[in-house]
Amino acid sequence: MKNLKQLSWKNALALAVMATIATGAIAKLPSTAQPSTQPSSTTANSKRDFEPIYNLSGHNSDVTFLTFNTNSQILVSHSPGGALKLWNLKTGKLLRTLNEKIYAAGVVAITPDTQTLVTVDRKAQDNDKTIKVWNLKTNKLLRTLNGHSQPVNHLEISADGQTLVSASNDKKVLVWNLKTGKRLQTINPQSTPIRSIALSPNSQILATGGGEYVDQNTSTDTSIQLWDIKTGKVLGTLEGQTSPISSIAIAQDGQTLVSVADSIKIWNLRTKQLLHTLPGGSASISISPDGQKLVTAAWDHSVKLWNLRTGTLLKTLFEPSINDQNLGRIYTTSIAFSPDGKMIAIGSGGVLSTFGISVLRGSF
């Protein structure tokens, strides 16, 4: 889910893998070639207090988007340029596959009630700046939103489903009324393309992250900007990341922010102070609904659970790949906590991957 002059080895590896898939140079191997994804708990807490309940399959490329509906009974998954699927988590059965020819999407967002879908078609160059809003009950296109001059690379919907935020390579962030399509705010946060955004649960604070590589060891404008979404005024800046920001998340209490670049940093939003730095980067992150835990998914296929308050590792849910033949060919691409905090969904990708989704249930 980049217009960077130079990439870190992790991003370069991921892009090379996806390019290999696209060209068909390496065919997808059968699932027997995939290493075991049986969860483990080998760290501080050795008690097995979670279990895999479903292994969902059906995608044909990296699963880069996962989200639950409000009552944690439906899981939505997406592969860029491919299908968007809705799963029944009571049965583990596929509820619906959205027609990818109609809902052509490289970037997606969906309201918490799973009734409204927002898409950007990244396969068609003429359409990659256009945002489309769909009614999933009627399959009708509700409206088209225009305002970006370069490809849109991130969409975020507020917790109440009323506000849409879009970020683009044109270095702008646009705030929309999702119900009417009216543009509410235009923010020009950084001098580089916007790579990640996050909204606070009360929809009052917007965090934006960018960055661009100048050379292999140097990046520009890797700060995180905090904005008042109603006024468009800057509230503060978080400095400390040294490479482009790939992901941002804000805890439910609105007091803690997590940013991902070459390392994972945990910040106090009220004081703007750095609290903890976790080693390594991450392909995806998710904060538990109670704001106490952080789950991270890395390119080495490992999935780890951290104490968000102390920055300490609680347990390893999936062990890292130790097979050199699998490294970079199977990796974790997305992760999400359910709103009730009882499930974690984990998406996979890579040329040796079956592009499956593991759903864990337990006491996290």
Please check if the side chain of Ser200 supplies one atom and the backbone of Gln204 the other of a donor-acceptor pair under 3.5 Å. yes
I'd like to know if the side chain of Asn177 reaches the main chain of Lys182, judged simply by a donor and an acceptor atom lying under 3.5 Å from each other, with no hydrogens or angles considered. no
For the student: nearest non-hydrogen atoms of Val63 and Ser77, plus distance: CG1-CB, 4.2 Å
Which residues pass the side-chain hydrogen bond (donor to acceptor under 3.5 Å, both in side chains) test with Ser338, sequence neighbours left out? Asp340
Any donor-acceptor pair under 3.5 Å from Lys172 side chain to Ser149 backbone: no
Residue list, side-chain hydrogen bond (donor to acceptor under 3.5 Å, both in side chains) with Thr114, at least two apart or on another chain: none
Tell me, please, which residues at least two apart from Thr277 pass side-chain contact (heavy atoms from CB on, under 4.5 Å). Ser263, Lys265, Leu274
Asn88 meets the side-chain hydrogen bond (donor to acceptor under 3.5 Å, both in side chains) criterion, sequence neighbours left out, with none
Residue set satisfying side-chain contact (heavy atoms from CB on, under 4.5 Å) with Tyr54, at least two apart, ordered chain then number -> Leu56, Leu89, Val359
Quick check: closest heavy atoms across Phe364 and Leu305, and the distance to 0.1 Å? O-CD2, 3.1 Å
Flag for Gln241-Ser259: side-chain donor and acceptor within less than 3.5 Å: yes
Ser196: what forms a side-chain contact (heavy atoms from CB on, under 4.5 Å) with it, not counting sequence neighbours? Ile245, Ile248
In chain order, what residues pass the side-chain hydrogen bond (donor to acceptor under 3.5 Å, both in side chains) check against Lys85, with sequence neighbours excluded? Thr97
For the side-chain contact (heavy atoms from CB on, under 4.5 Å) test, which of Thr111, Leu98, Leu84 pairs with Leu136? Leu98
Residue pairs passing the salt bridge (Lys or Arg N to Asp or Glu O under 4.0 Å) test where at least one lies in residues 303-312, sequence neighbours excluded: Asp253-Arg309
At what distance, to the nearest 0.5 angstrom, does OG1 of Thr332 lie from NE2 of His301? 4.5 Å
Under a 3.5 Å distance rule, please check whether Thr312 uses its side chain to pair with a backbone N or O of Asn307 as donor and acceptor. no
Would you say the side chains of Ser288 and Asp290 form a donor-acceptor pair under 3.5 Å? yes
Quick check against the 3.5 Å criterion: does Asn69 have a side-chain atom that pairs as donor or acceptor with the backbone of Ile74? yes
Verify whether one side chain among Gln225 and Ser223 offers a donor that lies under 3.5 Å from an acceptor in the other. yes
About how many Å separate CG of Asn153 and CG of Asn169, when rounded to the nearest 0.5 Å? 5.0 Å
Phe337 backbone acceptor or donor facing Ser286 side chain under 3.5 Å: yes
Residue list, side-chain contact (heavy atoms from CB on, under 4.5 Å) with Gln252, at least two apart or on another chain: Pro201
